[in-house]
Participant: 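Below you will find the structure I want to go over with you.
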Number of protein chains: 2
Amino acid sequence: MFELSNGNIFDVNHPPVPMERLIAQLKALANPKRLQMIHLLMEGVHCNCELGDALEMAPNLISHHMSILRDLGLVEMERDAVDARWVYFSINEAALTRLNQDFSAFFAPERIKPRRPTCGPQGAVVPMSEIAVT
Amino acid sequence: MFELSNGNIFDVNHPPVPMERLIAQLKALANPKRLQMIHLLMEGVHCNCELGDALEMAPNLISHHMSILRDLGLVEMERDAVDARWVYFSINEAALTRLNQDFSAFFAPERIKPRRPTCGPQGAVVPMSEIAVT
DNA sequence: TAGATAGTTCAAACATTTTTGAAGTATATC
DNA sequence: GATATACTTCAAAAATGTTTGAACTATCTA
């Protein structure tokens, strides 16, 4: 166990964040359309049709991508109180904050440990750039 | 144009980070095996065979995933100076830092703007939880 | 109550990624 | 010089993800 400069506890063999949750989050984000949707929702609440207009996508596709982001908890859905056919999508700030925490806990540069090749001839290592190009 | 509480400049319609770069990074990270590889490299330098042993993967698969992370700039490769058949992989700290910057610039909770449904009957909005379940 | 509206669900088509297995490269050892 | 080692490259198979198009639900309006 180690204590990092940022105060996090770090255990060798165990990542600082549950892998499953991080993977689920990254997979949901690793899509251009969903990233654009998130960008739009950061700007303010949008209904299905607004997102579809902005991104030139059919309403069923919007629904599909929103359900992926909703499963993640990152997006929330509300119905219009006057006309319940309309739904409004928005970002869940708490989920977004946790996403940022998970990401930076795993990818924190402070976690990088000094070189330690435990395999091979253990010889001195020379950067690729110093090797002649054939 | 806006200035956010964190000092970043933010322009409506334009994300705070190039979308292509962010997508490329997220796609490369959204894979359980590559995430585990990154985790191992955070712990220290590893050669191809060490990664293969740890993750129970064939060497050609390690090569393949490493090339994806190398294309991203996130992983660097060196050859052993004594026996050049061995290669060592490590994390590029500068790239990791930029990754963190890109991520938090895009997903910063401060970017969330107040609700503004520009579509639909503009009626009062009621949370899903208050709607009777059928 | 009939028709329109806003959105969701489903299954199949399509596209992209990942894995597999074989062949190839470069270096080192016998 | 022949063989072994450490790794890479390639092409095809398998697995996943995305889009399409049609059918469906719920709500509102005339």
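Naming convention: chains lettered A, B, ... in sequence-line order (proteins, then strands); numbering from 1 in each chain. All values derive from a computational prediction rather than experimental measurement.
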Participant: Rounded to the nearest 0.5 Å, what separation is found between the CE atom of A:Met42 and the NZ atom of B:Lys113?
Facilitator: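 Those atoms lie 10.5 Å apart.
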Participant: Within this structure, what is the CZ-to-P distance between B:Arg70 and D:dC7, rounded to whole angstrom?
Facilitator: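 Nearest whole value for this atom pair: 13 Å.
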Participant: Side chain of B:Trp86, heavy atoms from C-beta onward: which of D:dA6, D:dT18, D:dT27 has the nearest atom to it?
Facilitator: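 Between D:dA6, D:dT18, D:dT27, the one nearest the side chain of B:Trp86 would be D:dA6.
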Participant: Using a cut-off of 4.0 Å on non-hydrogen atoms, how would the nucleic acid contact of B:His65 be classed: base, sugar-phosphate, or nothing?
Facilitator: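 The residue B:His65 makes sugar-phosphate contact but no base contact.
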Participant: Which heavy-atom pair separates A:Phe106 from B:Ile38 by the least distance, and what is that distance?
Facilitator: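 Looking at all heavy atoms of both residues, the shortest contact is CE2-CG2, 4.1 Å.
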Participant: In whole Å, I'd like the distance from the CD1 atom of A:Ile62 to the P atom of C:dT5.
Facilitator: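 To the nearest whole Å, that distance equals 20 Å.
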Participant: Do A:Phe107 and B:Leu29 come within less than 4.5 Å of each other through their side chains, counting heavy atoms only?
Facilitator: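 A:Phe107 vs B:Leu29: side chains touch.
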Participant: Could you give the NE2-to-P distance, from B:His64 to D:dC10, as a whole number of Å?
Facilitator: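 Checked: the NE2 to P distance equals 12 Å.
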Participant: To the nearest Å, give me how far apart CG (A:Leu69) and C1' (D:dG17) are.
Facilitator: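 Value for this atom pair: 14 Å.
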Participant: Tell me whether the OP1 or OP2 atom of C:dA4 has a side-chain N or O from A:Arg85 closer than 4.0 Å.
Facilitator: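 No, outside the criterion.
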Participant: Look at the side chain of B:Arg34 and decide which nucleotide, out of D:dC28, C:dT18, D:dT19, has an atom nearest to it.
Facilitator: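 Closest nucleotide to the B:Arg34 side chain: C:dT18.
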Participant: Ignoring hydrogens and angles, answer whether the base of C:dG7 and the side-chain atoms of A:Asn60 contain a donor-acceptor pair closer than 3.5 Å.
Facilitator: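 No, the side chain and the base share no sub-3.5 Å donor-acceptor pair.
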Participant: D:dT19 phosphate, OP1 or OP2: any side-chain N/O from A:Lys33 under 4.0 angstrom?
Facilitator: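 It does, given that an N or O in the side chain of A:Lys33 lies less than 4.0 Å from OP1 or OP2 of D:dT19.
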Participant: Whole angstroms only, please: what is the CG-P distance between B:Leu35 and C:dT17?
Facilitator: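 Roughly 17 Å, once rounded to whole Å.
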Participant: Which of these nucleotides, D:dC7, D:dC28, C:dG7, is closest to any side-chain atom of B:Val87?
Facilitator: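 From the listed options, D:dC7 comes nearest.
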Participant: Provide, to the nearest angstrom, the distance between the CG atom belonging to B:Leu61 and the P atom belonging to D:dC10.
Facilitator: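 Rounding to the nearest Å, CG of B:Leu61 and P of D:dC10 are 16 Å apart.
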Participant: Would A:Leu26 and A:Phe103 count as a side-chain contact (heavy atoms from CB on, under 4.5 Å) if you check the C-alpha gap in whole Å, the side-chain angles of each, and the deciding distance to 0.1 Å?
Facilitator: CA-CA 9 Å; A:Leu26 290 172; A:Phe103 189 92; 4.1 Å; yes
Participant: Report yes if a side-chain nitrogen or oxygen of B:Lys27 is closer than 4.0 Å to either non-bridging phosphate oxygen (OP1 or OP2) of C:dT17; otherwise report no.
Facilitator: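 For C:dT17, OP1/OP2 do have a side-chain N/O of B:Lys27 under 4.0 Å.
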Participant: Using OP1 and OP2 only, check whether a side-chain N or O of A:Asn31 sits under 4.0 Å from D:dT18.
Facilitator: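 True: A:Asn31 side-chain N/O within range (under 4.0 Å) of D:dT18 OP1/OP2.
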Participant: Would you indicate what B:Asp83 reaches in the nucleic acid, counting non-hydrogen atoms under 4.0 angstrom: base, sugar-phosphate, or nothing?
Facilitator: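 Sugar-phosphate contact only.
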Participant: Identify which one of B:Leu96, B:Asn92, B:Ile91 satisfies the side chain to side chain contact (heavy atoms under 4.5 Å, CB included) criterion when paired with A:Pro109.
Facilitator: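 Per the side chain to side chain contact (heavy atoms under 4.5 Å, CB included) rule, the option paired with A:Pro109 is B:Leu96, out of B:Leu96, B:Asn92, B:Ile91.
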Participant: Within this structure, what is the CG-to-C1' distance between A:Leu55 and D:dT18, rounded to whole angstrom?
Facilitator: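 It is 15 Å, rounded to the nearest whole Å.
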Participant: Please work out if A:Asn48 contacts a base, only the sugar-phosphate, or nothing of the nucleic acid, heavy-atom cut-off 4.0 Å.
Facilitator: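 Here A:Asn48 touches the backbone only, sparing every base.
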Participant: Please report, rounded to the nearest Å, how far the C1' atom of D:dT16 is from the CD1 atom of A:Ile68.
Facilitator: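 To the nearest whole Å, that distance equals 12 Å.
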